There are 2 protein chains.
Amino acid sequence: MDTAERADAGTPAPKGPAGTPATTPRRRRPGRSQNASMADVARLAGVSSQTVSRVSNGYAGVTEETRRQVRAAMEQLGYRPNSAARALKSGEFRTIGVITFTLSTTGNVRTLEAIAQSAAQEGYAVTLLPVALPTQDEVRGAFSRLEELAVDAVIVIMEVHLLDAAVITLPPYVQVVVVDSDAGDHYTVVDTDQAGGTRAAVRHLLALGHETVWHLAGPEDSYAAQRRADAWRATLTEAGRTPPPPVRGDWSAESGYRAGLDLAGRDGCTAVFVANDQMALGLLRALHESGRRVPEDVSVIGFDDIPEAGAFLPPLTTVHQDFAEVGRLCVAAALRQMRQDAPERGTTLVPTRLVERASTAPPPGR
Amino acid sequence: MDTAERADAGTPAPKGPAGTPATTPRRRRPGRSQNASMADVARLAGVSSQTVSRVSNGYAGVTEETRRQVRAAMEQLGYRPNSAARALKSGEFRTIGVITFTLSTTGNVRTLEAIAQSAAQEGYAVTLLPVALPTQDEVRGAFSRLEELAVDAVIVIMEVHLLDAAVITLPPYVQVVVVDSDAGDHYTVVDTDQAGGTRAAVRHLLALGHETVWHLAGPEDSYAAQRRADAWRATLTEAGRTPPPPVRGDWSAESGYRAGLDLAGRDGCTAVFVANDQMALGLLRALHESGRRVPEDVSVIGFDDIPEAGAFLPPLTTVHQDFAEVGRLCVAAALRQMRQDAPERGTTLVPTRLVERASTAPPPGR
DNA sequence: CTGTGCGATGTTTACGTAAACATCGCGAGT
DNA sequence: ACTCGCGATGTTTACGTAAACATCGCACAG
């Protein structure tokens with residue numbers, strides 16, 4: 001490029017910014033971005049920049065010969081299309097924003113990973129919008145940052161009740177997909193089939209002969225936790241059993257441990273459905289320390305099927321979630337909405353699968 | 001154009017989109033992005049668009065009165081600066097790209113989260129670049145996608161040996177920071193003090209009276225694993241002990257389990273330093289199943305201090321990594337390099353801390 | 001032999017922002 | 001009273017791309 005430029009400026013100067021004398025050899029700003037522009041390529045290839053554009057975007061209407069020449073010039077100059085200019089012209093950023101409160105739960109991370117993967121396949125980038133605290137203010141802040149962000153659509157991995165006030169401030173042309181929520185009336189929602197997975201777990205325990213099934217639930221403000229608790233209660237009721245009072249944790253192994261100490265003391269607690277695997281881990285430790293054997297004395301089923309679940313003591317029977325599929329569907333929905341430039345409503349549920357390992361057995365004395 | 005526009009919208013209706021006559025009121029392309037532009041705000045506020053720009057960027061030289069008026073107009077029109085135009089003009093995207101192979105290790109996720117957090121504080125967005133497979137080709141592909149991406153700097157969370165060929169194709173103005181690598185000669189590297197953490201762990205075990213310390217290492221192609229193994233060996237040698245042959249895992253709990261079955265059979269294995277907590281989890285299960293008690297018969301120390309480590313059976317003594325600090329330093333380094341528009345070299349190590357829980361004790365018979 | 005039509009290519013323009021430069025008006029200094 | 005200077009504001013321009021429109025030349029029909 002340097003040669004071409006300088007030659008251009010030095011010779012009789014047929015075209016281009018001939019005005020620029022020997023000085024200023026096309027100075028770039030300090031934090032400059034691009035190297036060669038279409039104009040540079042065009043000059044080197046001896047064509048117009050529009051032709052370069054056509055080649056760059058693979059349009060027809062360019063001779064093979066010309067195309068070849070342009071390609072060579074691009075190669076030589078190391079030309080890369082400037083995405084900012086492209087976005088400015090087209091109004092599309094080819095980017096999806098993901099808002100999430102925390103990356104400390106397996107589910108969120110797995111989903112995010114799948115979203116990034118799917119998006120990349122579709123030629124979209126993923127921008128991460130972390131929200132420090134799960135407060136309305138923080139969420140609103142994230143959305144407001146998002147507003148001036150280069151994003152075509154947003155996927156929200158978060159409880160909706162934190163959303164209400166925030167979403168309305170989003171520019172109307174940004175499409176939203178929500179995970180882990182019951183906002184199906186207002187947005188496209190993609191979620192694991194919490195109820196189905198729960199039902200499978202509870203029925204499995206009942207089928208083993210347990211009189212009833214206890215529940216170590218997630219935090220009250222979690223929609224997923226709520227759903228699992230509801231389905232647990234409903235399944236027991238349907239089966240004519242009396243649901244014992246649920247115990248609450250906060251998803252952490254530590255809280256599972258505390259709950260386990262509690263449950264270990266309860267008479268007649270022979271089976272526990274735990275709302276996630278991490279809490280199940282803590283529960284297992286508490287039961288062990290309390291001298292209750294798993295699965296001989298107490299059966300335990302988790303939820304999530306984190307990679308470590310098979311290495312628990314004993315290996316944990318749990319409900320497998322297909323996070324990859326959730327991510328894929330999110331991206332698909334986001335792109336669909338973008339293309340039709342209109343929101344959709346409704347909920348898509350991704351089925352779960354019960355993974356039987358070694359933490360369940362018939363109740364003692366049967 | 002301005003005249004045409006004004007004529008178009010120039011009906012008696014002076015302001016607001018209230019007018020919208022039968023004619024096309026400023027039609028936007030289908031997938032259109034922006035609502036109001038500076039020009040719109042300027043028109044409404046009765047100033048020039050440059051003044052709007054000044055207000056938007058908080059520059060001085062604008063009367064309080066004018067500023068107020070412009071603000072009001074912005075508010076009314078729901079004006080949001082167009083980041084594409086901004087990027088085109090300034091050459092900065094205010095975005096940092098993060099390339100990572102997998103989000104299945106705690107370390108990567110934690111680091112990513114911290115990066116996102118720090119970046120947000122600095123007003124930068126984070127774009128995620130997933131690499132499907134840890135092959136040179138895949139990495140090169142990711143980088144090549146990155147080239148046309150709107151990114152000012154890149155943070156690579158990955159073993160460098162996968163990088164060599166790829167990085168050279170990056171546009172020269174994009175700054176790179178690397179984690180988990182020994183590429184300090186070529187890039188800015190931020191990493192946990194693997195050696196220091198390992199030394200603390202091994203010394204702790206020796207101080208308890210163990211004759212030597214076995215090592216369950218991570219995969220060979222991992223730089224972190226290599227460093228930990230080297231430091232383990234060096235520390236033992238320094239102390240005049242003979243390092244037993246290391247056992248290899250692949251970071252997964254499952255591989256830790258297999259290694260544990262192996263180690264449980266070894267005579268004289270009373271202490272194991274495991275290269276990460278997940279493998280330690282599997283190891284604990286294997287030892288348990290083999291009838292070796294932890295910590296009475298065998299002491300175990302992990303690495304990472306994942307949130308669940310305290311809920312293991314027994315709670316795991318482990319080396320705590322400050323991922324948040326790593327992330328923060330990455331962002332700081334990236335921004336620093338961007339601002340001075342030049343790469344830096346050198347490695348920054350983030351100290352670790354040994355967290356003592358219940359998986360270590362003096363060797364049996366002492 | 002001349003027009004018609006179409007494929008290949010060039011030219012103009014707009015996208016929204018912000019730097020650089022231009023202008024305008026008013027108060028201070030002489 | 002008059003200019004100088006400066007603060008407030010306006011005008012021009014460029015960033016890189018791509019749509020829309022313009023042009024050019026050649027093959028083919030009449």
Side-chain angles (χ1 to χ4, degrees), chain A residues 1 14-17 19-20 24 26-43 45-70 74 77 79-94 148 150, chain B residues 1-2 4-5 26-43 45-70 74 77 79-94 148 150:
Chain A
M1 103 161 196
K15 48 176 70 174
T20 7
T24 47
R26 202 169 228 275
R27 200 80 204 96
R28 301 283 185 174
R29 315 190 221 3
R32 200 57 206 93
S33 59
Q34 208 67 16
N35 284 320
S37 73
M38 279 196 166
D40 298 324
V41 174
R43 209 170 306 140
V47 299
S48 77
S49 69
Q50 182 56 214
T51 300
V52 177
S53 171
R54 283 189 265 257
V55 172
S56 173
N57 294 322
Y59 283 176
V62 180
T63 316
E64 198 47 53
E65 170 59 15
T66 309
R67 191 179 298 269
R68 213 185 37 66
Q69 257 178 326
V70 171
M74 283 175 166
L77 296 178
Y79 168 78
R80 294 288 151 186
N82 177 314
S83 53
R86 213 168 240 197
L88 176 58
K89 194 73 175 68
S90 70
E92 282 191 11
F93 299 99
R94 298 196 75 77
E148 25 190 303
Chain B
M1 101 164 195
D2 212 50
E5 293 257 4
R26 199 167 231 275
R27 199 80 203 97
R28 300 285 184 174
R29 320 187 219 2
R32 199 55 206 97
S33 58
Q34 208 64 17
N35 284 321
S37 73
M38 279 194 168
D40 298 325
V41 175
R43 209 169 306 140
V47 301
S48 77
S49 69
Q50 183 54 219
T51 299
V52 176
S53 171
R54 283 189 265 258
V55 171
S56 173
N57 293 322
Y59 283 175
V62 179
T63 316
E64 198 47 52
E65 170 60 14
T66 310
R67 191 180 297 270
R68 215 185 38 66
Q69 256 179 326
V70 171
M74 284 175 165
L77 295 177
Y79 167 79
R80 293 290 150 184
N82 178 315
S83 54
R86 211 170 241 196
L88 175 59
K89 191 75 175 70
S90 70
E92 281 191 13
F93 299 99
R94 297 197 75 78
E148 23 192 303

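Since the structure is predicted, the reported quantities are computational estimates derived from the model, not experimental observations. Order of the sequence lines fixes the chain letters, A, B, ..., with proteins taken first and strands second; residue numbering starts at 1 for each chain.
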Novice: Rounded to whole Å, please give me the gap between CG in Leu77(A) and P in dG16(D).
Specialist: 13 Å
Novice: Got Thr51(A) and Gln69(A) here, is their nearest side-chain heavy-atom distance under 4.5 Å?
Specialist: no
Novice: Could you check which of dT17(C), dT17(D), dG10(C) has an atom nearest any side-chain atom of Ser37(A)?
Specialist: dT17(D)
Novice: The side chain of Lys89(B) lies closest to which of these nucleotides: dA19(C), dG16(D), dA18(D)?
Specialist: dA19(C)
Novice: Which residue lies toward the 5' end of DNA chain D, Ser56(A) or Ser49(B), if each is placed at its nearest nucleotide?
Specialist: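 On the 5' side of the pair lies Ser49(B).
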Novice: What is the distance, to the nearest angstrom, from the CZ atom on Arg43(B) to the C1' atom on dG16(C)?
Specialist: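 The answer, rounded to whole Å, is 12 Å.
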Novice: Look at all strands and tell whether Val62(B) reaches a base, only sugar-phosphate, or nothing, counting heavy atoms closer than 4.0 Å.
Specialist: sugar-phosphate
Novice: Ignoring hydrogens and geometry beyond distance, is the side chain of Arg54(A) in donor-acceptor contact with the base of dG10(C) at under 3.5 Å?
Specialist: yes
Novice: Is the side chain of Ser90(A) donor-acceptor paired with the backbone N or O of Glu92(A) at a distance under 3.5 Å, no angle test?
Specialist: yes
Novice: Would you say a side-chain N or O of Thr63(B) is under 4.0 Å from OP1 or OP2 of dG7(D)?
Specialist: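 Thr63(B) to dG7(D) OP1/OP2: no side-chain N or O under 4.0 Å.
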Novice: So, the side chain of Ser37(A) versus the backbone of Ala39(A): is there a donor-acceptor pair under 3.5 Å, distance only?
Specialist: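 Yes, Ser37(A) side chain to Ala39(A) backbone: donor-acceptor pair under 3.5 Å.
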Novice: Please examine the side chains of Val70(A) and Met74(A), heavy atoms only from C-beta on, and report whether any two atoms are closer than 4.5 Å.
Specialist: yes
Novice: Would a distance-only check, ignoring hydrogens and angles, find a side-chain to backbone donor-acceptor pair under 3.5 Å from Ser56(A) to Val52(A)?
Specialist: no
Novice: Looking only at side-chain atoms of Ser48(B), point me to the closest of dG16(D), dT17(C), dT11(D).
Specialist: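 Per side-chain heavy atoms of Ser48(B), the pick is dT11(D).
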Novice: If you look at every strand shown and take non-hydrogen atoms under 4.0 Å, does Thr66(B) touch a base, only sugar-phosphate, or nothing?
Specialist: sugar-phosphate
Novice: Taking the side chain of Asn82(A) as its heavy atoms from C-beta onward, which of dT9(D), dT17(D), dG16(C) lies nearest to it?
Specialist: dT17(D)
Novice: Taking any heavy-atom pair under 4.0 Å as a contact, classify Thr51(B): base, sugar-phosphate, or nothing.
Specialist: sugar-phosphate
Novice: Round to the nearest Å and state the distance from Glu65(B) atom CD to dG7(D) atom C1'.
Specialist: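 Whole-Å distance recorded here is 16 Å.
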Novice: If I take atom CG from residue Leu88(A) and atom OG from residue Ser83(A), how far apart are they, to the nearest 0.5 angstrom?
Specialist: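 Rounded to the nearest 0.5 Å, the CG-OG separation comes to 11.5 Å.
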Novice: Would you indicate what Ser53(A) reaches in the nucleic acid, counting non-hydrogen atoms under 4.0 angstrom: base, sugar-phosphate, or nothing?
Specialist: base
Novice: I want to verify a distance call: between dT17(C), dA18(C), dT17(D), whose nearest atom is closest to the Ala85(B) side chain?
Specialist: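 Of the options given, the side chain of Ala85(B) lies nearest dT17(C).
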Novice: Please report the distance, rounded to the nearest Å, between CZ in Arg67(B) and C1' in dA8(D).
Specialist: 11 Å
Novice: Round to the nearest Å and state the distance from Tyr59(B) atom OH to dA20(C) atom P.
Specialist: 10 Å
Novice: Report the distance from atom CD of Gln50(A) to atom P of dA18(D), rounded to the nearest whole Å.
Specialist: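 That distance rounds to 8 Å.
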Novice: Once you round it to whole Å, what is the distance between P of dC15(D) and CZ of Arg86(A)?
Specialist: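 These atoms are roughly 19 Å apart.
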Novice: On DNA chain D, nearest-nucleotide positions of Met38(A) versus Gly61(B): which is more 5'?
Specialist: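 Checking each residue's closest nucleotide, the 5'-ward one belongs to Gly61(B).
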Novice: Output the rounded distance in Å from CG (Leu88(B)) to P (dA18(C)).
Specialist: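 Leu88(B) atom CG is separated from dA18(C) atom P by 11 Å.
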